[in-house]
Structures are given as C-alpha cells and as structure tokens.
S.K.: 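Have a look at this one before I ask anything.
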2 protein chains.
Amino acid sequence: MLPVKISTRGQYGVRAMTVLAARYGDGPIPVRDIAAAQGLSQSYLEQLLGPLRRAGLVRSVRGPEGGYYLASQPSEVSVGDVLRVLEGPLSPVDCVDEDSDPGLCSREDGCPARKVWVMVRDSVNRVVDSVSLQDLLSGEDLDGRRSVDGAASGSVL
Amino acid sequence: MLPVKISTRGQYGVRAMTVLAARYGDGPIPVRDIAAAQGLSQSYLEQLLGPLRRAGLVRSVRGPEGGYYLASQPSEVSVGDVLRVLEGPLSPVDCVDEDSDPGLCSREDGCPARKVWVMVRDSVNRVVDSVSLQDLLSGEDLDGRRSVDGAASGSVL
DNA sequence: GACAATCCCGAGTAGGTTAGTCAGGAAAGC
DNA sequence: GCTTTCCTGACTAACCTACTCGGGATTGTC
Ligand code: FES
Ligand code: FES
C-alpha cells in the first residue's frame, strides 16, 4: 500500500555507482570494497554489477587486483542510466511504458487517467536524467544541473 | 524488475474518481455503474471506495438510489489527493518518506543518493498535485494547470 | 604450474505484497 | 418485510523482492 517505489536494486545500484565515481581513475575496485563502502551485501551487489557491465556502464577486470570501474566519467553517467538498467523502464504504469507492446492497454483512447501517468513518467525521467553521479558527489544542493540535451536548464524539478 | 509503479489501487481509484467527476451533481452513483463505466471489478472497487470515503473525498448514501458522489468539485480534487489515500505517501524510497519514523534511515547523513530521491519525490508530488480530476476530463492537453498554492504556475513537468 | 584473488552465473528460497474473491451484515427506502 | 445498496473483514493464489549459496571461469603471482 505504499508504492511508487524504487526497489533496492536501483537504490543499491546508484549507491554503488557513486562509490566507483568517487574513486574514478584509481583502477579497478573489488566488489568487496564497494559493498563495504556502502554497507551492502557483497553477493547481492554482484548481481547488480552484472547488468551494469552488460549495459556498458562499468567495466571489469578479473583476477587479483581486479574489480570494477566506471566506463565513463562520473559527469557523463546519469542516475537515470543506472536506474533504467536495474529497474527497467521508469514508467509508473504499464499503460504508458513505451518499450512494451503497444496494444497492451486496451482502453488507451479515452482513458481519462492516461494523461497524468504520462506526466509523471516524463517528470521522473527528466529528473533522473538531469542528475549525474558527479552531481551526487559534490556537496552542494542541486536543482537541475546537467542540462538534458543542450537546452539551457532552469529548474528541472 | 520494473518498478517505480503505481499499483492498481491507485490506477483504478483515479479512474473511478473521474467517473464521479464526470457525473458530478447527478446524485449518488452506485458502485455497479462506476465499475461498469471503467470496466473494473465491482467488489475490488468497493475496497477502494472505503478509504476514499473515510478520507473525505467521496460521500455515500445507502439503500435504493444510493451510491457514491464526490465531496468536492472536480476542480478541487487533485490526483495526488486520491493517490495518497490509496497508495500511501508518494515517496520513491522509504528513506525520504516524511511520514514514517525519522531514523529509519541510518545513513541519512552522507548518503550520496539521498539528494536525487528527494528530487524525484518532490517532482512526482508536484505533478500529481497540479492535476485535478477536472483537468483529466477536459480533452485538452495540460502541462500544468491548477497552480499548486497560489504561485503563478509555469510548466510543472 | 600451483595458488589465490577476483569476477561471473544460475539456482534456490523465505517472506511479503498484490489483486483480487467471497460471504455476510447494516442502512435506507418502498 | 423486502430489495437495494453500502460496508467490512477474511481469505487466497500468484507473483515479486531481496537475498544466499555453490560452483565455475580468468588472471596475476610465485
Ligand atoms: S487504462 Fe491504459 S491508459 Fe488508462
Ligand atoms: S540510505 Fe537512506 S538516504 Fe541513502
């Protein structure tokens, strides 16, 4: 009864990525260290890093001195990138999920609620796409750094 | 793996409320009619109307010719009002849920992800609070009618 | 080449949540 | 008293979440 939730996959994933962001350039960080830095279960975290690697957000090296590191600069990876890998499409209802079969929603036309779900979806996406890992590291409050696609950004909230 | 979801409670609830909004002033509408109008299960819908009544959003009359009707004008009821009754606080993670025990999140200070959850929470709340049932009924697209508390509203997305 | 440190992958699982159904009781009008 | 409606709580099947666990594949070091 209290949804509109981001699951632990997304939450832990973002926290793990900030660890890699903070140590960007230091070479590979083992999962053990990432988990310890944020107090997460190592074996669970391993499950999250797999998808992130396959999606190209992080790279890995095996063997001693191995670990994970960010594939791009912290300022170039948005929270939205991470969440979409771990949580799937950021849509509040299946009806307005652009990636799934259209026709999934039979009453699309004339559904009075549809409009607001689209607004929520776009709003959430705009926020998470506007915040980079770099933004999370800097102490300052942010109200919309990292303009989404060249547009001069005012408040994205 | 595809959360950030609003459950059927919230979805059906909003759709049901638009039915009442469309027939505002027509006297009580029986659950049967509401369910039929949106193709919902009658007995499930009854479960949603209970909370909405207790929250003061709708009123009911029993007996023949009874049913439910909106307690306020459609323009005065926001989608957020409905969702908060049926879904609970609209917070993407427990950590930033203002209603629950503070101290629930032990790593509040220095948690790098916290900032973005707050932004998402506020963004979602702003959107759903800015859209009234009336707005859903009118055919026109909306990008932020119904200024939230007197502020001249630009785009709320 | 042995060994150890890592990544890597899939299976399994306890508990909780969701989306309902169902049976029956309480008001209200005729 | 009969019917219509609201109203409530108990119940349930299916699904999902948040993990753990066991073991295999790579790679560097001695
Ligand atoms: S039921 Fe699919 S958009 Fe409303
Ligand atoms: S763990 Fe609670 S705010 Fe990040």
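Just so we're on the same page: letters track the sequence lines, and every chain starts at 1.
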S.K.: 5'-most contact on DNA chain D: B:Q47 or B:I29, nearest heavy atom basis?
M.R.: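 The residue closer to the strand's 5' end, by nearest nucleotide, is B:I29.
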S.K.: Tell me if the CD atom of A:E65 is crowded by more than 12 foreign heavy atoms within 6.0 Å.
M.R.: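 12 or below, so no.
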S.K.: Which whole-number value in Å describes the distance from B:L48 CG to C:dG20 C1'?
M.R.: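 Interatomic distance, CG of B:L48 to C1' of C:dG20: 10 Å.
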S.K.: First locate atom CD of A:Q38, then atom CE of A:M17, and finally report the distance between them rounded to the nearest 0.5 Å.
M.R.: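 So the gap between those two atoms works out to 13.0 Å.
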S.K.: Whole angstrom is fine here: how far is it from CD in B:Q11 over to C1' in C:dA19?
M.R.: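 From B:Q11 CD to C:dA19 C1': 12 Å.
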S.K.: Heavy atom of residues 30-42 of chain A under 4.0 Å from DNA chain C: which residues?
M.R.: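 Contacting residues: A:P30, A:V31, A:R32.
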S.K.: Using only atom types and a distance under 3.5 Å, with no angle test, would you say the side chain of B:Q11 pairs donor to acceptor with the backbone of B:I6?
M.R.: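 Looks like yes, one N/O pair under 3.5 Å.
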S.K.: For the helix from C:dG1-D:dC30 to C:dC30-D:dG1, how many degrees between its two end axes (five pairs per end), to the nearest 10°?
M.R.: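 Angle reported: 10°, given to the nearest ten degrees.
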S.K.: Please give, in whole Å, the distance from C:dT6 P to A:Y68 OH?
M.R.: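 Spelled out: OH on A:Y68 to P on C:dT6 is 13 Å.
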S.K.: Using a cut-off of less than 4.0 Å, is there contact between a side-chain N or O of B:Y12 and OP1 or OP2 of C:dA19?
M.R.: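 Checking B:Y12 against C:dA19: no side-chain N or O falls below 4.0 Å of OP1 or OP2.
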S.K.: Spell out, as yes or no, whether a donor-acceptor pair under 3.5 Å connects the side chain of B:E87 to the backbone of B:S7.
M.R.: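 Judged by distance alone, yes, a pair lies under 3.5 Å.
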S.K.: Measure the CG-CZ distance between B:L20 and B:R59 for me, rounded to the nearest 0.5 Å.
M.R.: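 So the gap between those two atoms works out to 13.0 Å.
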S.K.: Is a donor on one side and an acceptor on the other found under 3.5 Å between the side chain of A:R121 and the backbone of A:V96?
M.R.: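 Yes; at least one donor-acceptor contact below 3.5 Å.
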S.K.: Round to the nearest Å and state the distance from A:L45 atom CG to C:dC9 atom P.
M.R.: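 Computing the A:L45:CG to C:dC9:P distance gives 15 Å.
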S.K.: Can you check the B:L52 CG to D:dT8 P distance for me, whole Å?
M.R.: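 Computing the B:L52:CG to D:dT8:P distance gives 12 Å.
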S.K.: Taking only N and O in the side chain of A:R53, is any of them less than 4.0 Å away from OP1 or OP2 of C:dC8?
M.R.: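 Looking at the OP1 and OP2 atoms of C:dC8, one of them is under 4.0 Å from a side-chain N or O of A:R53.
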S.K.: I need the minimum non-hydrogen distance between A:R9 and A:P51, along with the two atoms involved.
M.R.: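 Shortest heavy-atom contact: NH2-CG, 4.2 Å.
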S.K.: In whole Å, I'd like the distance from the OH atom of A:Y69 to the C1' atom of C:dT6.
M.R.: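 After rounding, the gap between these two atoms is 15 Å.
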S.K.: Closest approach of A:V127 and B:M119, non-hydrogen atoms and distance?
M.R.: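 Smallest interatomic distance, heavy atoms only, reads CG1-CB, 3.7 Å.
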S.K.: Measure the CG-CG distance between B:L49 and B:L45 for me, rounded to the nearest 0.5 Å.
M.R.: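 Going from the CG atom of B:L49 to the CG atom of B:L45 covers 4.5 Å.
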S.K.: If the sugar-phosphate is the primed atoms plus P, OP1 and OP2 and the base is the rest, what is the B/S/- string for nucleotides 23-30 of chain D, using protein heavy atoms under 4.0 Å?
M.R.: --BBBS--
S.K.: Donor-acceptor pair, distance only, cut-off 3.5 Å: does the side chain of A:S91 make one with the backbone of A:D94?
M.R.: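 No: the side chain of A:S91 does not pair with the backbone of A:D94.
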S.K.: Main chain of B:D135, side chain of B:S132: is a donor-acceptor contact present, judged purely on distance under 3.5 Å?
M.R.: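 Such a contact is found between B:S132 side chain and B:D135 backbone.
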S.K.: Are the side chain of B:S78 and the backbone of B:D81 linked by a donor-acceptor contact shorter than 3.5 Å?
M.R.: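 Such a contact is found between B:S78 side chain and B:D81 backbone.
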S.K.: Considering every strand and a 4.0 Å limit on heavy-atom distances, what is the contact class for B:R54: base, sugar-phosphate, or nothing?
M.R.: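 Answer is sugar-phosphate: B:R54 comes under 4.0 Å of backbone atoms only.
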S.K.: To the nearest Å, give me how far apart CG (B:D94) and C1' (D:dT17) are.
M.R.: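 About 13 Å, once rounded to whole Å.
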S.K.: Would you say B:S7 reaches C:dT18's phosphate, i.e. side-chain N/O to OP1/OP2 under 4.0 Å?
M.R.: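 No, B:S7 has no side-chain N/O under 4.0 Å of OP1/OP2 on C:dT18.
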S.K.: Counting only side-chain N and O atoms of A:S60, is one of them less than 4.0 Å from OP1 or OP2 of C:dC8?
M.R.: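 It does, given that an N or O in the side chain of A:S60 lies less than 4.0 Å from OP1 or OP2 of C:dC8.
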S.K.: Starting from P on D:dA13, measure out to OH on B:Y44 and report it in whole angstrom.
M.R.: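 In whole Å, D:dA13 P lies 18 Å from B:Y44 OH.
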S.K.: Quick one: on DNA chain C, does A:V61 or A:S43 contact a more 5' nucleotide (nearest heavy atom)?
M.R.: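 Upstream on the strand: A:V61.
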